[in-house]
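Keep in mind that what you see is a predicted model, and the values were worked out from it rather than measured. Every heavy atom of this structure was used, including side-chain atoms; hydrogens, water molecules and symmetry mates were not.
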Amino acid sequence: MVDYDQAKAALKEAIENVLGEKVEKFDRSSRLFDDLKMDSTTMLETLIELEDKFGLDVNPEELDIEDFLTVDSYVNFIVTEKNNRGEK
C-alpha cells in the first residue's frame, strides 16, 4: 500500500528528475501543465518512473487527462492504481 504523502513525494521526485530542476511550488493545487510547465511527453516520463518505483502497470489507453491536471489529481491516481490494482 502507498499513502498520499508517499505518492506525493515520489511524484515530486519524478517531476524534478524529468524536468532536470527543482520544483519550488508543489502543493495539492499546483497545475502540472500550467504551473509546472509539463507537457504530454514529460507527463509520460514521470508515469514511467512511478510505474518502476511502485511496481505499477498502467495501460496508456486507459489514461484520463483529468487524472493529470493537478498534483492532487495525479497523486490520487497513483494511490488508486497502487492500492486497487496492486503490483505487476
Could you tell me which non-hydrogen atom of [X] sits nearest to which non-hydrogen atom of [Y], and how far apart they are?
X	Y	result
Ser73	Phe68	OG-N, 3.8 Å
Lys53	Glu13	NZ-OE1, 4.4 Å
Asp35	Ser29	OD2-O, 4.2 Å

Worked check of side chain to side chain contact (heavy atoms under 4.5 Å, CB included) between Tyr4 and Asp72: CA-CA 9 Å; Tyr4 187 93; Asp72 188 56; 2.6 Å; yes
With a 3.5 Å distance limit and no angle check, can you tell me whether [X] reaches the backbone of [Y] through a side-chain donor-acceptor pair?
X	Y	value
Thr42	Met38	no
Asp64	Asp67	no
Glu16	Val23	yes
Glu51	Val58	yes
Ser30	Asp27	yes
Tyr74	Leu47	yes

Report whether [X] and [Y] are members of the same hydrophobic cluster (ILVMFWY, side-chain heavy atoms less than 4.5 Å apart, transitive linking).
X	Y	value
Val18	Val75	no
Ile65	Leu63	yes
Phe33	Leu36	yes
Leu69	Phe26	yes

Hey, are the side chains of Arg28 and Val71 touching, using non-hydrogen atoms and a 4.5 Å cut-off?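 Arg28 does not reach Val71 side chain to side chain.
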Going by heavy atoms in the side chains, are Met43 and Thr46 under 4.5 Å from each other?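 A side-chain contact under 4.5 Å exists here.
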Using side chain to side chain contact (heavy atoms under 4.5 Å, CB included), reason through Val79 and Asp3 one step at a time and then give a plain yes or no. CA-CA 6 Å; Val79 170; Asp3 68 27; over 6 Å; no
Going from [atom1] on [X] to [atom2] on [Y], what distance comes out if it is rounded to the nearest 0.5 angstrom?
X	Y	atom1	atom2	answer
Glu45	Asn17	CD	CG	10.5 Å
Thr70	Arg31	OG1	CZ	10.0 Å
Leu19	Asp39	CG	CG	8.5 Å

How about Lys25: does its NZ atom have over 12 heavy atoms from other parts shown lying under 6.0 Å from it?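 It does: Lys25 NZ has more than 12 such atoms within range.
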Between Ile15 and Lys12, does the side chain to side chain contact (heavy atoms under 4.5 Å, CB included) criterion hold? Intermediate values first, please. CA-CA 5 Å; Ile15 290 172; Lys12 183 176 184 189; 5.8 Å; no
Starting from the C-alpha separation in whole Å, work towards a yes-or-no answer on side chain to side chain contact (heavy atoms under 4.5 Å, CB included) for Val2 and Lys82. CA-CA 7 Å; Val2 63; Lys82 179 61 179 169; 3.4 Å; yes
